[in-house]
Amino acid sequence: MTSPSTSQPRTVEGVVDLDLPGHTISRHVYGHFAEHLGRCIYGGFYVGEDSPIPNEGGIRLDVVEALRALDIPNLRWPGGCFADDYHWKDGIGPREQRPTMVNSHWGDVVEDNSFGTHEFMALCELLGTEPYISANVGSGTVAEASDWVQYLTRADASPMAALRRANGREEPWKVRFWGLGNEPWGCGGRMSAEAYGELARTFGTYSRDMGDNTLYRIAAGAANADYRWTEVLMKALGRGLGGAEDPGFGNHAYQAISFHCYTVAGSWEHKGSATEFDLDEYYSTVLQAQRIEEVLAGHARVMDVYDPQRQVGLVLDEWGTWFDVEPGTNPGFLFQQNALRDALVASVHFDAFHRHADRLVMANIAQTVNVLQAMILTDEDSGALVLTPSYHVFEMNKGHHDAAHLPVHLRGEVPTRTVPDVRGLGGHGPSGHGIYERGPADLTTVSLSASAKDGRALFSLTNLDAEQAVTVRLTVRGTAAGAPTARLLTAGAVQAHNTPAQLEAVAPRDHTSSVRLEGAPGAQTLVVELPAHSFATVELPTA
Ligand code: AHR
C-alpha cells in the first residue's frame with residue numbers, strides 16, 4: 001500500500017543567515033565502530049598477512065583506502081557486547097601463542113585473538129583516525145583496565161610499558177577516547193543505572209592519565225529514550241555541576257555519557273529485510289530515523305539540568321539501521337545489505353546531529369564493515385569491495401566536519417506524509433525504552449542542515465518522499481554568495497543497492513545544473529531541485 005500524503009506543497013521555503021554561525025559540529029559525530037562481530041574485523045578490516053588480498057600487517061589496504069576518503073575521525077573497538085567479554089592481554093604477543101576464546105554474543109564462534117591491541121592501533125595509524133577503546137567493565141577487573149591504559153600510553157620502564165616494548169612497540173600511543181564498558185543494562189552486565197554509576201566512577205578513577213596523555217572517559221549510557229539512566233549518571237558525577245566553584249569536569253571519573261539508538265523497521269523479532277520492503281515500511285523506517293531528534297533533545301535536556309555549562313559530552317556511540325540478516329548468512333553475524341533507504345536514514349541523522357552538536361560530541365555508526373549499517377561490504381568468496389549508499393552520505397557530508405552550524409529556518413507549510421503504521425518499537429532488544437508507538441504518525445518529508453567553514457557554506461538536503469520531487473527555496477542573508485555547485489545521491493527506487501556486480505547502482509553524481517542562485521547580493525535565494533527519494537549537498541562560496 002502506498003502511504004497517502006496529507007499535505008503536499010511542492011516548494012519548501014526557508015531562510016539561513018550566513019553571517020550568524022552557531023556551535024561547532026565536531027568531526028567526531030562522523031565516527032565509526034568496529035566490533036569483533038561476524039565479518040567486521042576478520043574478513044572486513046583484517047585478512048591476515050598470508051591473504052592474497054593486498055594488506056599491510058594483515059590489514060586490508062582497499063578498505064583502508066576507501067575509509068581514508070571519508071576522513072573518519074575515530075574508530076570504536078573492540079565492541080559492543082564483545083568489549084565486556086574481551087581480555088586484552090589475550091590479544092598481545094606472538095600470534096601463535098595467543099589463547100583463543102568464545103565470542104558468545106556473536107555466533108558463538110572461536111576468536112583466535114589474532115587481531116588485538118597492536119593490530120588495532122596499526123589500523124588506526126593507517127586510517128589516520130583516533131582510537132576509541134572500550135574497556136571491559138562487565139567481566140573484567142579494574143586492574144585489567146588500568147593496566148591496558150598503562151600498556152597503551154605509558155612511556156617509562158614500568159611493567160606495562162616494558163611489556164609493550166617487548167611486544168615490539170617502543171613509543172606509547174596516544175589514546176584519548178576511553179569507554180567504560182558497554183550497555184551495562186543489557187549484555188554488559190544487566191545492571192541497574194545506580195550500580196553501573198558506582199562502577200563507572202571506580203573504573204574511571206583507575207583509568208588514569210599517563211604523562212601528557214589525557215583520557216576522555218565515556219560512561220556507558222542509556223538505551224534509546226531511557227532518560228532516567230542519563231540522569232542517574234549525571235548525579236553519579238557528584239559535585240562540580242557547573243557552579244561557581246566547579247572544579248571542572250576534567251577532574252571527574254568520566255567526561256561524557258553515551259547512549260545507543262538504532263533504527264529498527266519492524267519488531268525486534270521481525271525487523272524486516274534490508275532490500276525487500278514496501279513503501280509503508282520505507283516511510284515507517286525514515287520516520288523512526290527522524291525521531292533521533294527528540295531522543296537527542298531528551299538526553300540533552302536532562303544533562304542541561306545538572307550541567308548548564310555543557311561540559312559533559314553526550315556520545316551516541318551506536319546508531320544505524322538494524323534489519324534481518326541476509327538470507328543464508330549466520331544470524332549471529334548481523335550482515336545486512338544497504339539500500340538508498342539506509343542513505344536517507346543516515347542523512348536525516350546527520351541533520352539532527354548538526355543541530356544538537358552543542359551537546360553531542362560524538363556519534364559512531366554501527367558498524368563500519370560488513371555489519372548492520374555498513375560503509376563497506378566485502379564479498380566473502382571473491383573478496384570484492386562494495387561501497388554502500390550510506391558510505392556516499394558520509395563522503396558527501398565531509399565538509400561539515402568541525403564546521404560552524406548554520407541554523408536553517410523553514411517557513412510556511414512543509415510537506416508531510418501520514419505514515420499509517422509506525423511498525424517498530426524503536427526498542428533495542430525486546431523492551432528497550434522505545435518511544436516509537438504504533439499507529440499513524442506524520443512524517444516531514446524534507447530535512448535540511450547547513451554549516452560554514454573556510455569561506456563556503458555547505459547545505460545537506462534530503463527529500464524523503466519516495467514518489468514526489470520538491471523544490472527548496474532558501475533566502476540566504478548576511479553575506480553575498482557565489483555560484484553554487486551540487487551533488488546528488490539517488491536511484492530508481494528506495495530499495496536500490498550496490499553489489500559486486502553493480503557497484504554504482506547508488507552513487508553520487510553532479511547536480512549543479514539543478515541548483516541556482518536567484519537575485520542580487522543582499523537578497524539572494526538558493527533554489528535546489530530535489531527528485532523523489534534523494535539526498536543532495538550544495539556548496540556555496542561566501543565572500
Ligand atoms: O552493534 C551490535 C550490538 O548492538 C553491539 O555489540 C551492542 O552494543 C548493541 O546491542
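Ligands are counted one by one from 1 in listed order, and the atoms in each one are counted from 1 as well.
- Residues His400 and Ser460 bring a donor and an acceptor atom of their side chains to less than 3.5 Å of each other.
- Remark: the backbone N or O of Ser26 is not paired with any side-chain donor or acceptor of Thr24 at under 3.5 angstrom.
- Residue Glu318 holds the heavy atom nearest to atom 9 (C) of ligand 1 of all those in Glu318, His36, His260.
- Here is the list of ligand 1 atoms found below 4.0 Å of a heavy atom in Tyr262: 1 (O), 2 (C), 4 (O).
- Within 6.0 Å of the CD atom in Glu504, the count of heavy atoms belonging to other residues, nucleotides or ligands does not exceed 12.
- Below 4.0 Å from some heavy atom of Gln367 lie the following atoms of ligand 1, by number and element: 1 (O), 2 (C).
- The aromatic ring centres of Phe350 and Phe353 sit less than 6.0 Å apart.
- At a heavy-atom distance under 4.0 Å, no atom of Trp319 approaches ligand 1.
- Using a 4.0 Å cut-off to heavy atoms of Phe33, the atoms of ligand 1 that qualify are 1 (O).
- The Cys81 neighbourhood of ligand 1 comprises atoms 5 (C), 6 (O), 7 (C), 8 (O), with distances under 4.0 Å to a heavy atom of that residue.
- With a 4.0 Å heavy-atom cut-off, ligand 1 is reached by no atom of Val371.
- Residues Thr388 and Asp342 bring no donor and acceptor atom of their side chains to less than 3.5 Å of each other.
- Atoms of ligand 1 lying under 4.0 Å from at least one heavy atom of Glu183, given by number and element, are 7 (C), 8 (O), 9 (C), 10 (O).
- Using a 4.0 angstrom heavy-atom cutoff, Phe82 does not count as in contact with ligand 1.
- Side chain to side chain, Ser134 and Asn182 fail the donor-acceptor criterion of an N or O pair below 3.5 Å.
- Residue contacts with ligand 1 for Glu35 involve side-chain atoms from C-beta outward but no N, CA, C or O (heavy atoms, distance under 4.0 Å).
- Here is the list of ligand 1 atoms found below 4.0 Å of a heavy atom in Asn182: 7 (C), 8 (O).
- For ligand 1, the atoms sitting less than 4.0 Å from at least one non-hydrogen atom of Leu372 are 1 (O), 2 (C), numbered in the order shown with element in parentheses.
- Cation-pi geometry between Arg39 and Phe335 is met: the NZ or CZ atom falls under 6.0 Å from the ring centre, inside 45° of the normal.
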Inset, instruction - Starting from the C-alpha separation in whole Å, work towards a yes-or-no answer on salt bridge (Lys or Arg N to Asp or Glu O under 4.0 Å) for Arg228 and Glu194. - result: CA-CA 10 Å; Arg228 183 181 172 276; Glu194 288 76 7; 2.2 Å; yes

